[in-house]
Amino acid sequence: MAKAVPCQTLNNGHKIPMVGLGTWQSLPGQVENAVKYAFEVGYRHVDCSLVYQNEAAVGEGIKAGLACTKGLKREDIFVTSKLWNTKHHPDDVEDSLRNTLKDLKLDYLDLYLMHFPIAFTRTDTIFPINPDATLQYEYTDYKDTWRVMEKMVEKGLTKSIGLANFNRRQIDDILSIAKIKPVVLQVECHPYLAQNELIAHCHAKGLVVTAYSPLVSPARTWKKPGEPDLLEDPCIVGLAKKYGKSPAQIVLRWQVQRKVVVIPKSVTPARILQNIQLFDFSLAEEDMKKIGALNTNTRYMVPEFSVDGKTVRMDPKYPYYPFNDPY
């Protein structure tokens with residue numbers, strides 16, 4: 001059993017555990033046991049999304065974990081899910097959230113994020129594509145989508161709402177109209193993409209930052225030849241030896257010391273346990289700076305998908321594409 005995971009307090013008073021279990025690319029048949037085991041060893045935070053296409057299996061894991069972990073109740077865990085790009089139209093938001101709740105076997109979420117500022121064509125297909133393998137877009141203003149997400153809080157379907165993959169300008173755009181402020185921004189973040197400016201901006205505006213792919217998703221299928229492996233980086237390996245920890249633990253500890261929430265994904269029990277054992281040591285300031293010096297502002301989680309054997313990318317020319325801005 002790992003030490004209890006500390007929390008950060010969100011701008012609405014709710015608390016988010018600093019470490020959660022990511023479920024992206026976790027297959028049904030595996031993710032159920034991963035979630036159940038995570039609860040058993042001390043996790044209290046699970047991160048999900050409609051686009052991962054495994055929420056029903058995650059729901060089975062949540063149910064099993066609550067049943068098997070002594071004394072654990074629904075109110076003790078923090079569950080995040082996300083509104084997908086095909087459901088941005090104001091008429092689609094509530095139905096999508098209710099379907100997620102049905103799959104997860106929950107009455108409410110703790111956090112519901114808008115997964116991207118980008119809207120695809122309204123459809124039940126995850127990736128609506130044209131014959132030439134380009135994505136089909138709509139131009140629903142994400143501010144209109146946000147206004148309906150606020151109503152989901154008012155209806156008790158989620159306690160908090162937030163953003164994912166928004167840039168600074170888009171965050172401020174939401175804040176300019178928000179009656180209910182976003183509590184979290186979830187973005188790709190790791191030593192090679194430290195997101196220092198974006199984190200500083202979020203903290204100044206009262207948003208907690210969650211890092212997805214904090215280990216650069218070493219099993220990502222689109223990894224190009226020659227791309228560095230963070231967990232084999234000499235700096236990280238050297239610090240792992242110095243502290244008697246794994247390279248992954250060093251990287252994750254660096255994030256939590258920066259007050260960044262992490263959601264590493266794994267279905268392997270040993271790694272699930274290891275990824276939460278971060279609170280019995282601290283990195284010296286000089287070692288924090290060494291890791292920070294690895295930053296190259298390189299984004300590896302490009303919005304690229306395989307659909308029917310075709311590679312599909314989000315269009316950087318789409319008006320709400322978030323990654324053209326510096327941060």
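Only a predicted model underlies this, so the values are computations on that prediction, with no experimental measurement involved. We use all heavy atoms of the structure for the numbers below, so side chains are in, but hydrogens, waters and symmetry mates are not.
- Side-chain heavy atoms closer than 4.5 Å link hydrophobic residues (I, L, V, M, F, W, Y) into clusters, and following such links, even through other members, never connects I250 to V237.
- The number of heavy-atom neighbours closer than 6.0 Å to NZ of K259, taken from other residues, nucleotides and ligands shown, is 12 or below.
- With respect to K143 and D173, a salt bridge is recorded, a charged nitrogen being found less than 4.0 Å from a carboxylate O.
- K82 and Y52 share a donor-acceptor pair across their side chains, judged by distance under 3.5 Å alone.
- Residues L97 and L83 fail the side-chain proximity criterion, which asks for heavy atoms closer than 4.5 Å.
- Scored by the salt bridge (charged side-chain N to carboxylate O under 4.0 Å, His left out) test, K159 finds no partners at all (sequence neighbours excluded).
- Between R44 and D76, none of the side-chain N atoms (NZ, or NE/NH1/NH2) sits under 4.0 Å from a carboxylate O, so this pair counts as no salt bridge.
- Residue D308 qualifies as open at atom CG: its count of foreign heavy atoms under 6.0 Å is 12 or below.
- Note on D144 versus R147: salt bridge recorded, some NZ/NE/NH1/NH2 to OD/OE distance being below 4.0 Å.
- Ionic pairing of K290 and E286 is not present here: no N-O contact between side-chain nitrogen and carboxylate oxygen is shorter than 4.0 angstrom.
- A donor atom on one side chain and an acceptor atom on the other are found under 3.5 Å apart for Q136 and N130.
- A pairwise comparison of heavy atoms in E55 and C48 identifies OE2-CB, 3.5 Å as the closest pair.
- By the 4.5 Å heavy-atom criterion applied to side chains, F78 and S160 are not counted as neighbours.
- You'll find the side chain of V208 reaches within 4.5 Å of the side chain of V261, heavy atoms only.
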Verify side chain to side chain contact (heavy atoms under 4.5 Å, CB included) between R98 and L157, making sure each step is shown before the conclusion. CA-CA 8 Å; R98 287 187 181 277; L157 299 178; 3.8 Å; yes
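- Shown here for S213 and W24, the closest heavy-atom pair between the two residues is OG-CZ3, 4.5 Å.
- Every residue was checked against the salt bridge (charged side-chain N to carboxylate O under 4.0 Å, His left out) condition with K205, not counting sequence neighbours, and none meets it.
- With 3.5 Å as the limit, one finds a donor-acceptor pair spanning the side chains of Q186 and D47.
- Evaluation of the salt bridge (charged side-chain N to carboxylate O under 4.0 Å, His left out) rule for D124 yields K87 as partners, not counting sequence neighbours.
- Once rounded to the nearest 0.5 Å, the distance linking CD1 of I118 with CG of N165 reads 8.0 Å.
- In this structure, R313 fails the cation-pi test against F305, since its NZ or CZ atom is not both closer than 6.0 Å to the six-membered ring centre and inside 45 degrees of the ring normal.
- In this structure, L175 CG and Q170 CD are separated by 12.0 Å, a value rounded to the nearest 0.5 Å.
- Aromatic ring centroids of F166 and F116 lie 6.0 Å or more apart.
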Would you sort out whether R168 and D325 count as a salt bridge (Lys or Arg N to Asp or Glu O under 4.0 Å), showing the intermediate values? CA-CA 8 Å; R168 175 188 62 171; D325 290 28; over 6 Å; no
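- With rounding to the nearest 0.5 angstrom, the CE atom of M114 is 11.5 Å from the CG atom of L185.
- Put simply, V267 and Y212 are part of two different groups of oily side chains (I, L, V, M, F, W, Y) that touch within less than 4.5 Å, one to the next.
- Within the 3.5 Å criterion, the main-chain N or O of S246 finds no donor-acceptor partner in the side chain of Q274.
- Put simply, the side chain of Y43 does not reach to within 4.5 Å of the side chain of P17, judged on heavy atoms.
- Counted by atom type alone, H88 and D141 present zero donor-acceptor pairs between their side chains at under 3.5 Å.
- A pairwise comparison of heavy atoms in A57 and E32 identifies O-CG, 3.2 Å as the closest pair.
- Judged as a side-chain hydrogen bond (donor to acceptor under 3.5 Å, both in side chains), and not counting sequence neighbours, the contacts of E188 are H190.
- No hydrogens or angles considered: a donor-acceptor pair under 3.5 Å links the side chains of T296 and T298.
- Listed by chain and residue number, nothing satisfies the side-chain hydrogen bond (donor to acceptor under 3.5 Å, both in side chains) test with Q195 (two or more places apart in sequence, or in another chain).
- Taking all atoms of both residues into account, the shortest heavy-atom contact from V41 to I276 is O-CG2, 4.5 Å.
- With 3.5 Å as the limit, one finds a donor-acceptor pair spanning the side chains of Q255 and R258.
- In this structure, F281 and Y243 have tilted ring planes: the angle between them lies in the 30° to 60° band.
- Residues A194 and I199 approach most closely at O-CD1, 3.5 Å, considering heavy atoms.
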Taking only distance into account, with no hydrogens and no angle test, what donor-acceptor pairs under 3.5 Å do side-chain atoms of residues 61-70 form with protein atoms, sequence neighbours excluded?
residue, atom, partner, partner atom, Å
T69, OG1, G65, O, 2.8

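- With values rounded to the nearest 0.5 angstrom, C189 atom SG is found 8.0 Å from N196 atom CG.
- Just one of S176, C202, P117 meets the side-chain contact (heavy atoms from CB on, under 4.5 Å) condition when paired with I171; it is C202.
- Remark: the backbone N or O of P182 is paired with a side-chain donor or acceptor of N11 at under 3.5 angstrom.
- Geometrically, R74 engages Y108 in a cation-pi contact defined by less than 6.0 Å to the ring centre and at most 45° from the axis.
- Between M288 and W254, some side-chain heavy-atom pair lies under the 4.5 Å cut-off.
- Taking the six-membered ring for Trp and the full ring otherwise, the centers of F39 and Y37 sit at least 6.0 Å from each other.
- For the atom pair D110 CG and I16 CD1, the distance stands at 9.0 Å (nearest 0.5 Å).
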Could you go step by step and tell me if E60 and K36 meet the salt bridge (Lys or Arg N to Asp or Glu O under 4.0 Å) rule? CA-CA 9 Å; E60 291 292 343; K36 175 176 173 288; over 6 Å; no
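- Following chains of ILVMFWY side-chain contacts shorter than 4.5 Å, one cannot reach L193 starting from V184, and the two form parts of different hydrophobic clusters.
- For R253 against S282, the heavy-atom pair with the smallest separation is NH2-OG, 3.3 Å.
- Judged purely by atom type and a 3.5 angstrom limit, N85 has no side-chain atom pairing as donor or acceptor with the backbone of F120.
- Residues T145 and T140 are in side-chain contact: their nearest non-hydrogen atoms beyond the backbone lie under 4.5 Å apart.
- Side-chain atoms of E94 never come within 3.5 Å of backbone atoms of M152 as a donor-acceptor pair (strictly under, hydrogens ignored).
- Here the side chain of T268 pairs no donor or acceptor atom with the backbone of A270 at under 3.5 angstrom.
- There is no side-chain donor-acceptor pair under 3.5 Å between Y192 and N297.
- When ring centroids are compared, Y139 and Y137 stay outside the 6.0 Å threshold.
- With D287 contributing its side chain and L283 its backbone, the two residues share no donor-acceptor pair below 3.5 Å.
- Under the 4.5 Å side-chain criterion, counting only non-hydrogen atoms from C-beta, I129 is not in contact with T134.
- Between L10 atom CG and K181 atom NZ the span is 13.5 Å, to the nearest 0.5 Å.
- Proximity of L109 to T80: side-chain heavy atoms (C-beta onward) are nowhere separated by under 4.5 Å.
- Within 6.0 Å of the NZ atom in K105, the count of heavy atoms belonging to other residues, nucleotides or ligands exceeds 12.
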